[in-house]
Each structure stands twice: as C-alpha cells, then as structure tokens.
Number of protein chains: 2
Amino acid sequence: MVETSDAKNRARRSSGRPTLADVARRAGVGTITVSRALRDPKRVSVERRDRIFTAIDDLGYVLNPNASALASARAAVIGVLVPSLTNNVFAEVLRGIHDGLRDSRLQIQFANTHYSDVEEERLLRVFLSQHPSGLIVSGIDQTPATRTLLEKAGCPVVQIMEIGPDPVDMMVGFSHFEGGRTVTQHLVDAGCRRIGFLGARMDPRSHRRLSGYKAVMEAAGCFDPAFITTTTLPSSVSIGGDLFRMAYAKTPNIDALVCNNDDLAMGVLFACQRASLPVPARISLAGFNDLEMMAVAFPSITSIRTPRFEIGRQAIAMVQAALAGERPANAIVDLGFELKIRESTTRSNILNR
Amino acid sequence: MVETSDAKNRARRSSGRPTLADVARRAGVGTITVSRALRDPKRVSVERRDRIFTAIDDLGYVLNPNASALASARAAVIGVLVPSLTNNVFAEVLRGIHDGLRDSRLQIQFANTHYSDVEEERLLRVFLSQHPSGLIVSGIDQTPATRTLLEKAGCPVVQIMEIGPDPVDMMVGFSHFEGGRTVTQHLVDAGCRRIGFLGARMDPRSHRRLSGYKAVMEAAGCFDPAFITTTTLPSSVSIGGDLFRMAYAKTPNIDALVCNNDDLAMGVLFACQRASLPVPARISLAGFNDLEMMAVAFPSITSIRTPRFEIGRQAIAMVQAALAGERPANAIVDLGFELKIRESTTRSNILNR
DNA sequence: TTGTAAGCGTTATCAG
DNA sequence: CTGATAACGCTTACAA
C-alpha cells in the first residue's frame, strides 16, 4: 500500500473506509455540504448534489451512524420495550413496527422486560443512554421512576397495547376492559349463566379483561368468585388445560369459559375433547386475541380480534410523524377490537352431540 | 441558569449529561483512567478505582455508547438477521439470544429479512455500517455477495439454525435433512407406506427436510412424487388445512402425513377432525419443531423437537467467547434434535375408532 | 446556498 | 499504572 500522503508522525486510526471528507474532496465541495445532501437534499444545489452522489457511488461511501449519533446527540434508533417474546401477540406488534419502518434509515432496537418493572426501568436507561430517536413501550402501568424517565426522554414516546387517560406522550391500543366485557356479554347473550374465567400471567391487561368480565357477570346477576381461576404462571396451551381441570373440579356446573387469551382457550378445547365434554354443547368457549388458528380449529373458537399488527404500524407512524414535527390531532389512538363469533359459542350448530 | 464557568464566546453543544471528563475531574484522575476503570477495572489501582466509582455514582454518570462506538470503531451491538418474526421458531431463538445476554453491556439489534436474499444483503450492510461487535445470521445459503460481506465483517459471525461444511466463521444448529429422515423413518417403522409430505414456505431448510423424507421413502421403496404437496405461501395452521385437502384429493389413500412444521400439522389435525378422518387410526400425523402445543393436543402430535432456545443461547455464547479472544474448539456446533413420539403416530392406542 | 471552525464524548497512542 | 494529546467522522453554529 502506498502511504497516505498526509500521514503524520502520529499513527492514524482510520478504519480504511471512505469518510464524508473523502466524498467532499472528490466532489470538490465542503464536508458540510455532503452532510446536508445526505440528510436534506433540497438544501443543496442540484449541480453539487449530482457531483456529490456520483462521488458517493464511486467511493462506495456509507454514513457512519456512530459518528452521526455523537455529533447530533441523536441515534437513528427506535427503542422498543416489550414484556415477552414468546407471546405471539408481541411478535406481531414487532412485525408491524418493522413493516412501518421499511425504507427508513431508522433502526429498531428492542428489549424484553420479561413482565418486570425493574427490568423495564433498567433497559430504558440503557436505551436512553444512546439518545434514541423514539421510544415505544408496552402498557400504561410504568412505575413513577420509569414514567419520569420517559417524560424526560427528549424524544417521541408511544405507549402501546392499551389506552388510558394520561399518556406520557402518545398512545395506541384498545380497551382491555371493554374487550373482557364484550366477550362475556356475548356469552350471556347466548344464554350462558355459569361462565368461568381462566387467566394466566395476570399482567395489568389481563386484570382489566377480568374486570370487564366481572362487570358483565355482576350486571347479569350471575357473578361468583368461584368461577374465576387464574395463575401467575406464563400463559401456554398446556396451562390452559391445567386451569380448565382446576375450574372443572371446583365448579363442574359451568356452562361456558372465557379465556384470558387464545393459548389458554386452545388448551381448554383439547382438555375438553380429552374429557369427552363437547364444545359448545356442554361448554361454550371463548378466547382473546384471535390468533390465526382460532378460525380453523375444530370447533372454531370465538375470540376477540385485537389489532396487534396495526398497533405496531401505528406506533411507528406516530413516532415518525412526531420526528417530522407533526403533532398528531389525537395523542390517544383507540384501534378497537372485534368480536369474532364462531362455533365454540354457537349452540345451534351441527357440532352438538 | 448560571453560565458555565468555562463558557466561551462560541455556543457549546453539551447535552448537559455528565461526561467522562466530569467524572475524572471529580475523582482527580485523567479521563483515560476512568475509561479504563469502566472497561477493565483490573488495570486501575484499587485506590483510584474506588474514587472513580464514587464519583460515577455521585454524578449519575452513564457512558455514552455513541461516543464509545466512534472512538473505538466498535459498537456494543450484536446484529441479528432472522427471516421471520411471526414464526414461533425464531421468536424462541431471539429469546435464547436475549437470555444469554443478561448482564452484558452488549445490545442486540435485529432485523427481519422476510426470507429475502436481497433484503438480507441490504440489512447486513446497514448493520455493518455500525461496526457491530458480532453478527448472527440465519441459515447457510447466503448469496456470494452476502457471504463476502460476512467474511470481511471484522467481527465474530455465527450462522444459526442449521449446520453445513463451510462456515463463514462459526455455526450452531442441526441437520434438517436428518430431521426429515428421522420423522419419516419413524412412520415407516410404524408400518405406514403411503406417507405424504406437506410443506409451506419451502425455504432451504424446508427443502432439506423434504430431501430427508425422500431419502427414506426411496429406501423403503414407496416414494411417489404425488405424495408431496407444497406451497411457497407462508406456513400457517389454515394453510395446513388447505394442503391437507389438496393432498387428500390427490391421493386419498395416504396413510400418514409428515408436515414441514407444527403449524401445518395442527391445521391437518383440525381438517381431519372436521372431515371425520380419525388420527391416527385412519391417518398418522407428524410435525416438526415440537411447539409446546403438540404435547397437549388431542390426540397429541408426534414431532421433532428442535433446540431453538438453545441455538440462540449457544450463538450468543460463541460470539462472546470470540470477543473474549477464545477460539472455540469446534466452530461447528450440532445441537441435534429429538423425535417425540406421541398419540398421532401410535395406532395401538385408545384413540382408534 | 455554502463553507469554516469548533465541538460531540470517548478511546488509541505513546511517553512517563 | 497513569496521563496528555490526538484522533474517531460527523454535525452545529455562525459567517459569508
């Protein structure tokens, strides 16, 4: 290799990759002009812009995001905090976020809080140290310390999954209380009275669904705490079966079951099949989230379709809008949900036996 | 606000957060000593170390990762490229990666290639521009261009999910060909002869499982291309049902079905139930991956348990070891798989009717 | 619209 | 073991 012409006595630490200065030199302009051409081409004359982009291509120049982040005190990164990765629901939210980020120079960096407030706060601090361009966090039950960190983050913040009265900045989700209400009311309307509730994990959102269930049951005059069976264990299909067996042992006369989510419902269905308890003839069954599987199960399972993918899309769109200086008309976006009525809660079908 | 004592005529751009220099001043040492105390405490005398950490606590100092990345030409980030997020399998790999990263200052940054080579290359370039500390990519079928980028990445690289003869750097996974062979052989051993294969997505790993299936069928003298039904559509439970109906229409005399993955198998089970075709009495059924659900389905479904979580753990462990200068004894780690035999392939059980 | 100079906060270098 | 100094590659502030 020929020695660099401006090599000094001091060793240089260059990585060897072309820099903005190299591009500027080749294009015969100042470095700042190149920087501007990259960030906001409109601010540079067409003539120079062409020369610059030619030089960039010739050199194979790629912007160094670390240097950029240091100089501007702003990393091109959106931090995302989710409580779980195994949970299909969050996988879809992430998919929505990524999808909304196509052809954006923003990167997403996410972390798993494992449903722990302490972890959430710790991870948030890690994120904040990088000066992210935006933050997406799950739920509305942050600790006061976490909330303060979010308020002082100095970047757009979106709380996702549910909505509440007091956003840190922006919010997108739906009402889990109403979701719980809606599915339970459907069962009541279908003539069920001894409706059990099965719940796992029991995070704040699960509790709000349970509240919705209680509200309906009380209004219908058929509430009984014995109908409720929950565990703090993580949700899974097999836990669904376990919860069913506990509930059935406790209250064998139940005529319907509302499950905190679809995994549990699936487990209940299998357990019922194994115990020769026909669904819905003997027991009606409903889930929550409407995983793809629910529509094709046998019998197909009634569920509340929640807009996971859309929540992700919308959240990232809100961040980008805020970054572009546009304040949303509404800082709280309720994406709602949809009750999907299927065979598992329809007694008048051919499945009865 | 009181003006900073050393404020010059030029505006300063400080973010206001304490810096290494602030810590150094307070501890009465040089900045580089603080930097060293943070990165490798053993290189600093105990006395100063204490003074430094006290100062850090007093000031609430947090290292600026952007400045660090610029100065060292190394970001504390591991880039992870996966082909899908909806796929449960990759969600578990990510969980394994995160789990292996607890109490490490490394962050993970991941991206979704959507099973596209072009996207993979593009995303890899984005990652590389940040000088990541490590890279984890899925599969072994990178394009030549992508492979070259990986070879010149200048950081540890781990290819995950499967193993092959020619790693870029390191590899951890298992043989999908052997997986396909094993499950098919099990069916042959169980007396099945007209064994169908159902596949969705058909990425390279799916093809290798199919090859394993073919090998066994040919060896058993019962191979027939009509037994194979595949689609390039993404895998899902409902696609499983569709594929089953196609296969059953084409070859109604099949006595068993090997599914490319568990989603499909689940869909087949539901479709069989709906069509009153008892599993396994009329049709034996096997999946691939052994999702949690398979063990509690009714009937429970035979599957190949693949070490997803462990792959993630091992991959990140290999990156960390390499970063610590330890070269692994073996650059290729075969984590194997396990055949889980269940009711869906056991004809002599009480489910027969 | 463009450029100059100064910084962003950390780490590599090399001398002590 | 410690520290002064010069990078790292980009962007902000300000002036032209």
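Worth saying up front: this structure is predicted, and the values here are computed from it rather than measured. So you know, we letter chains A, B, ... as the sequences are listed, proteins then strands, and number each from 1.
- Distance alone, capped at 3.5 Å, places no donor-acceptor pair between the A:Asp57 side chain and the A:Thr54 backbone.
- Here the side chain of B:Ile32 is nearest to one of C:dT10, D:dT11, C:dT13, namely C:dT13.
- Closest to the A:Ala71 side chain, of the nucleotides C:dG9, C:dC8, C:dG3, is C:dC8.
- Between B:Phe110 and the choices B:Leu85, B:Leu81, B:Ile78, the side chain to side chain contact (heavy atoms under 4.5 Å, CB included) rule is met once, by B:Leu85.
- Residues from residues 33-57 of chain A with heavy atoms under 4.0 angstrom of DNA chain D, sorted by number: A:Ser35, A:Arg39.
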Worked check of side-chain contact (heavy atoms from CB on, under 4.5 Å) between B:Arg49 and B:Val46: CA-CA 5 Å; B:Arg49 207 188 300 167; B:Val46 184; 4.0 Å; yes
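- If you measure from atom NE2 of A:His131 to atom P of D:dT12, you get 13 Å, rounded to the nearest angstrom.
- Checked for salt-bridge contact, B:Glu119 and B:Arg122 meet the test: a charged N lies under 4.0 Å from a carboxylate O.
- Between the CG atom of A:Asp22 and the P atom of D:dG9 there is a distance of 9 Å, given to the nearest Å.
- Taking atom CZ of residue B:Arg25 and atom P of nucleotide D:dG3, one finds them 14 Å apart after rounding to whole Å.
- Residue whose closest nucleotide on DNA chain D sits further toward the 5' end, between B:Gly30 and A:Leu63: B:Gly30.
- When the P atom of D:dC10 is taken as reference, atom CD of B:Gln130 falls 14 Å away, rounded to whole Å.
- No option in A:Val172, A:Val168, A:Asp141 other than A:Val168 meets the side chain to side chain contact (heavy atoms under 4.5 Å, CB included) test with A:Gln159.
- Between A:Tyr115 and A:Phe90, the ring planes are perpendicular. Angles over 60° get that label, and only those under 30° would be called parallel.
- Closest-nucleotide positions on DNA chain D for B:Gly28 and A:Ala67 were compared, and the one nearer the 5' end corresponds to B:Gly28.
- Salt bridge present: B:Arg327 and B:Asp169 bring a charged side-chain N and a carboxylate O closer than 4.0 Å.
- At whole-Å resolution of the value, CG in B:Asn64 and P in D:dC8 are 19 Å apart.
- One can place CG of A:Leu20 at 10 Å from P of D:dG9, the figure rounded to the nearest angstrom.
- Comparing atom distances between the A:Leu70 side chain and each of C:dC8, C:dT10, D:dT11 picks out C:dC8 as nearest.
- B:Arg74 has its CZ atom 14 Å from the C1' atom of D:dC8, to the nearest Å.
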